[in-house]
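Take a look at the structure below.
Along the sequence shown, residues are numbered consecutively beginning with 1. The analysis underlying the following values was restricted to heavy atoms, covering all of them including side chains, and did not include hydrogens, waters or symmetry mates.
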Amino acid sequence: MAFIAVLLYLVLVLMSGGLARRVLGVPIGWPRVVVVGFAVLASAYGAVYAVLASSGLELSPGAAEADPLPYLVLPLLAMAWTFLGGLVVLVLLEIFLPTGTLPPVRALLTGWRARARRARRYAQITAIAAKHGLGAHLRGRRRTAPVQGMAKTARSLTAALNEAGVAFIKFGQMLSSRPDLVPDVFVRELSRLQTAADPEPWPRIEAAIEEALGRPLGEVFASVDPEPLAAASVAQVHAAELLGGERVVVKVQRPGAQRQVEADVDILLRLGRRLDRGTAWGAALGVRRLAEGFADSLEEELDYTVELDNMRAIAGAGGIRVPEPHPEHSSRTLLVMERIDGVPVGDAADLLAGFTAEERRELAERLVGEVLRQITVTGVFHADLHMGNILIGPDRGLAMLDFGSVGRLDGGSRTSLGLLLMAIERDDSTAAADALIDLLDRPEELDERRLEREVGQLMVRFSGGLGGRGSADMFARLLPLILGHGFSVPPQIAAAFRALAALEGTLAAISPDLDLVEAARRQGRLLADEALGGTDVRAALERRLAAMLPALERLPRRLDKITQDLEQGRFTVAIRPFADRRDRGFVTGLIRQTVLALLAATAVLGAILLITADTGPMVAPALPLYAFFGYTLLFVGFVLALRSLVLVFQTDRPGDG
């Protein structure tokens, strides 16, 4: 019997919970509904007893036999008001702690170990920030950083990120490539972050390679050099030789790196949401959006199959040599590729010293042309062109390495960039301003004439062939000009700017006297002719014209009909103000809210009138019939008011909180 009673009690709880969700009209989380349902049923007995006692009815056995109606109606009314109290609790919870705010119950029960690890790591990160004097910024006490303190804050941030680990270091490196978001002093300091690390012991790396291959090392490689060519915090690179005798490079992810990076990225996302909500500088910088974009890019960077696809895409563009990958031996954590002989530009000072100035300039211009070709013609470009990722071969050829960071531009963006290059080459400020407007996200209030004048002044300033490093200032000054007019830079366009910014230092090491603007002008002229030249433009126009032919054929007939209607006074214009489903939904919701509020107010007013009436028959010794109807109507009015209130505060948040 006890089991049946408990089962019946649970059924009643679930029924009351379902009724509560139905009455309020919103998907309130089941856990809180069940908890409140238990409380309501537990208090219902006391409420029934209190109502019967206050009504003057006898509570002795057999008292209901003479007149059972009050003993049936009053308990139902008491239970209804108890249920209403539960609804009030649910509405208050939904207002102050909406469904989905708390993690799901299953996660609370099963993920306590992960939460404990995250809490320890979060405490560690907070301690590192406090150690470097950044605690006030995390707590939001400093709304803005004073100009004179920016350099110190930038140094402290760099040191803290460097100590926090690989995910935070890479986040700082990403910020250093966004001069459109962070001040120059932060860009300079954060650009010093490095992910170099002590090499992992060879036995652990060997085990990681064999795990990625799914077989012993000797079945694929004739030899693998235990000494790494390079060691970073996420991966190590080793020279190797396949069984067929081909010299290759093996890039393997460190054991445990994926798990550590994922844990730190989760901390970064939580920290980003907190700073975005609690600090003025975090909201202005868009830290949450930055952290989410960084998490997506880092996830791709840790997947070496994505890097393999990037290598294939850039290799298909031609121009500069790209290592040939070996997909049959590669996986998510292992990348096997051709080994290219050459010296990184950062270590090639002695090699370049043997080149003539003309040869060095030709080499640098070839690199500029290939990067611009990737950005404006093929749309797939290397986004991390620092001096360690460009090799100079024995035959004076160029090669690219490390394709974890690759940008992609759609056809419209490539066309706009090509038009921008063509406008710069022709000193056409109007066309350059139009290309920028088409390329970027246009702000709501834009002074196009002022933008055109400032772009023209910038082009005139650097059109005189200043030469050398000074001419690179044109690209450095273009971004602040864009931001000063309120443009927002899409991530892929920002990646193109980042590639060009990283390329600047590499070009300076190859040919210090290179006139970067003039080189870009020459290459831009060739690429614009290639991208926008006769055959391609003619083919594009033919495609567009073919698509427009049906409309052009019907145009004369439609113009004739409009003219006749105007002449005979039959011309009308039909307007459907609520043709869009979202507009109709907004109006419908507004009307529903208004009707609910009016019904609730009417029910409450009517209930007050009935309750305060002095006449009418009696249901119980102390309960008039009109008062009973009044309390019932008051219950209905309160339910309608609660439903209206909860719909106001309800948001579409997932979860079962």
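- Here D347 pairs with nothing under the side chain to side chain donor-acceptor pair (under 3.5 Å) rule; sequence neighbours left out.
- Residues forming a salt bridge (charged side-chain N to carboxylate O under 4.0 Å, His left out) with R449 (at least two apart in sequence, or on another chain): E452.
- Here the options are D309, V380, V322, the test is side chain to side chain contact (heavy atoms under 4.5 Å, CB included), and the partner is F403; only V322 passes.
- Applying the side chain to side chain contact (heavy atoms under 4.5 Å, CB included) criterion to A159, with sequence neighbours excluded, gives H132.
- With a 4.5 Å cut-off on side-chain heavy atoms, L335 and V249 do not count as touching.
- Applying the side chain to side chain donor-acceptor pair (under 3.5 Å) test to E359 and every residue at least two apart in sequence or in another chain returns T356, R396.
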TODO: Using the side chain to side chain contact (heavy atoms under 4.5 Å, CB included) rule, take T158 and E163 through it: C-alpha gap first, then chi angles, then the decisive distance, then the call.
DONE: CA-CA 9 Å; T158 302; E163 186 177 345; over 6 Å; no
TODO: Step by step, work out the side chain to side chain contact (heavy atoms under 4.5 Å, CB included) result for I340 and R321.
DONE: CA-CA 9 Å; I340 297 178; R321 189 175 178 186; 3.9 Å; yes
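- Qualifying side chain to side chain donor-acceptor pair (under 3.5 Å) partners for R453, counting only residues two or more places apart in sequence or in other chains: none.
- In this structure, I125 CD1 and R270 CZ are separated by 14.0 Å, a value rounded to the nearest 0.5 Å.
- Minimum heavy-atom separation, S331 to Y304: O-CB, 3.5 Å.
- Atom-to-atom distance recorded for F168:CZ and L157:CG is 11.0 Å, nearest 0.5 angstrom.
- With rounding to the nearest 0.5 angstrom, the CG atom of D303 is 11.5 Å from the CG atom of L298.
- When all heavy atoms are compared, the tightest approach of M459 to S429 is SD-CA, 4.0 Å.
- Separation of atoms CG (N310) and CZ (R312) is listed at 11.0 Å; rounding is to 0.5 Å.
- Using a 4.5 Å heavy-atom threshold, the side chains of I390 and L398 count as touching.
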TODO: Report the C-alpha separation of T153 and F186 in whole Å, then their side-chain angles, then the decisive distance to 0.1 Å, and conclude whether the side chain to side chain contact (heavy atoms under 4.5 Å, CB included) test is met.
DONE: CA-CA 8 Å; T153 304; F186 282 87; 4.0 Å; yes
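- Smallest separation of non-hydrogen atoms from L436 and V455: CD1-CG2, 4.0 Å.
- In this structure Q260 satisfies the side chain to side chain contact (heavy atoms under 4.5 Å, CB included) test together with R121, D264, sequence neighbours excluded.
- F171 meets the ring pair (Phe, Tyr, Trp, His ring centres under 6.0 Å) test with F294; sequence neighbours excluded.
- For the side chain to side chain contact (heavy atoms under 4.5 Å, CB included) test, residues two or more places apart in sequence or in another chain that qualify with A364 are L507, I510, S511, L514.
- For the atom pair H382 NE2 and I314 CD1, the distance stands at 6.0 Å (nearest 0.5 Å).
- At least one side-chain heavy atom of K251 sits under 4.5 Å from a side-chain heavy atom of M337.
- Between Q253 and V234, some side-chain heavy-atom pair lies under the 4.5 Å cut-off.
- Taking the side chain to side chain donor-acceptor pair (under 3.5 Å) definition, one finds that N389 meets it with H386, sequence neighbours left out.
- The shortest heavy-atom contact between L409 and I375 is CD1-O, 3.5 Å.
- The two residues P344 and L391 have their closest heavy-atom pair at N-CD2, 3.4 Å.
- The ring pair (Phe, Tyr, Trp, His ring centres under 6.0 Å) check on F381 picks up nothing, with sequence neighbours excluded.
- Atom CZ of R332 is separated from atom CG of L302 by 7.5 Å, given to the nearest 0.5 angstrom.
- Among residue pairs with one or both ends in residues 403-420, none qualify as salt bridge (charged side-chain N to carboxylate O under 4.0 Å, His left out); sequence neighbours excluded.
- Looking only at side-chain heavy atoms (C-beta outward), E454 and H485 come within less than 4.5 Å of each other.
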Task: salt bridge (charged side-chain N to carboxylate O under 4.0 Å, His left out) between E370 and R366, intermediate numbers included - done: CA-CA 6 Å; E370 178 56 29; R366 183 148 41 100; over 6 Å; no
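- Listed by chain and number, the residues in a side chain to side chain contact (heavy atoms under 4.5 Å, CB included) with E292 are L269, R288 (sequence neighbours excluded).
- Side chains of E324 and M311 form no contact here, defined as non-hydrogen atoms less than 4.5 Å apart.
- In this structure the side chain of L401 reaches within 4.5 angstrom of the side chain of P323, judged on heavy atoms.
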- [ ] Decide yes or no on side chain to side chain contact (heavy atoms under 4.5 Å, CB included) for V265 and E262, but give the supporting numbers first.
- [x] CA-CA 5 Å; V265 165; E262 287 177 351; 5.7 Å; no
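- Residues L308 and P327 form a side-chain contact, since some pair of their non-hydrogen atoms from C-beta on lies under 4.5 Å apart.
- The closest donor-acceptor contact from the side chain of R360 to the backbone of A509 lies under 3.5 Å.
- The two atoms that bring I128 and A160 nearest to each other are CG2-O, 3.7 Å, heavy atoms only.
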